[in-house]
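Written below as structure tokens is the structure these notes are about.
Residue numbering restarts at 1 for every chain, and letters A, B, ... go by the order of the sequence lines. Every value quoted in this text rests on a predicted model; they were computed, and no experiment measured them. The analysis underlying the following values was restricted to heavy atoms, covering all of them including side chains, and did not include hydrogens, waters or symmetry mates.
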Amino acid sequence: MTDLMQTYNRLLDHYGPRVWWPAKTPFEVVIGAILTQNTNWNNVEKAITNLRRAEALSADVILNLSIEELEQLIRPSGFFRQKAERLQLFCRHLHQSHQGSLGKLLEQPLNRAREELLQLKGIGPETADSILLYAGKRPSFVVDAYTGRLFSRLGILTGTEKYDQIRELFMAHLDDSVQLYNEYHALIVIHCKDVCRKKPLCPDCPLGDICAYKQQNS
DNA sequence: GGCCAGGACACCA
DNA sequence: TGGTGTCATGGC
């Protein structure tokens, strides 16, 4: 499966290294990972700005807010009622099981930390892997809608694979490297978000010659 | 005014 | 196990 590294190298050459995740602290990564579920990042930024102004970017403060106060702060990110509940559930778990320490949760053996995250309501596989990789600097590859879309176009996926199948494919064929996983996911997002949907298609698309979408539409 | 965005979950057959 | 409805805001 050298195709995966070939694709990575092309994206890296074209876009250059990205600095990810767009957050100032590991805890902010968690907040962003939950708020960005099926939501445009611009809306997430508005919500995080509100939390920052309210000095509510910590587990203790989020737990001490009323659910209504938290809902209003994160309202721009959409789905604000369920996301407010999810944020408080995560913070409560952190408090009860790890003395409020995100580091203690994330420094456990990878599979154990991942399973613990997945047991929390509102933390699915993509959110868990984003937290592990970008907040915990643990080698857990993040799969998202862009990953499935892009690699289906490249013929590497069929489009019917489940989340864990895709994650395991990448992890089986790539070096076990936090830096590589970090960069690869970031490059997939920047490629799909800013370039791959442009019409007319970007003439210097780094994957142009191997992308089925480009070939069908050119 | 419709479509979409860096998902997850409940419910049903 | 797979398909479908729900959750909600803001930019284009």
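Taking a heavy-atom distance under 4.0 Å as the criterion, the stretch of DNA chain C touched by chain A extends 5' to 3' from C:dG2 to C:dG11.
Considering only residues two or more places apart in sequence or on other chains, A:Arg92 meets the side chain to side chain contact (heavy atoms under 4.5 Å, CB included) condition with A:Leu63, A:Gln88, A:Leu89, A:Gln96.
In this structure, A:Lys46 reaches the sugar-phosphate backbone alone: every heavy-atom distance under 4.0 Å involves primed, P, OP1 or OP2 atoms, never a base. Across all strands shown, A:Asn43 has heavy atoms under 4.0 Å from base atoms, whether or not it also approaches the sugar-phosphate.
Heavy atoms of other residues, nucleotides or ligands lying less than 6.0 angstrom from CG of A:Asp175 number 12 at most.
Hydrophobic clustering keeps A:Phe79 apart from A:Ile62 (ILVMFWY residues linked when any side-chain heavy atoms are closer than 4.5 Å, directly or through intermediates).
Between the side chains of A:Asp129 and A:Tyr181, no donor N or O sits under 3.5 Å from an acceptor N or O.
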**Asked** With the sugar-phosphate defined as primed atoms, P, OP1 and OP2, and the base as all remaining atoms, what B/S/- string results for nucleotides 8-13 of chain B, 5' to 3', for protein heavy atoms under 4.0 Å?
**Response** SS----
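The residue from A:Tyr184, A:Phe151, A:Tyr15 that alone fulfils the ring pair (Phe, Tyr, Trp, His ring centres under 6.0 Å) condition with A:Tyr8 is A:Tyr184.
Contact check for A:His98 versus A:Leu102: no side-chain heavy atoms found under the 4.5 Å cut-off.
Between the NZ atom in A:Lys193 and the CH2 atom in A:Trp41 there is a gap of 8.5 Å [rounded to 0.5 Å].
Taking the charged nitrogens against the carboxylate oxygens, A:Arg114 and A:Asp164 do have a contact shorter than 4.0 Å, which makes a salt bridge.
Taking the P atom of each, C:dG10 and B:dA8 are spaced 22 Å apart, rounded to whole Å.
If you measure from atom CZ of A:Arg81 to atom C1' of B:dG7, you get 19 Å, rounded to the nearest angstrom.
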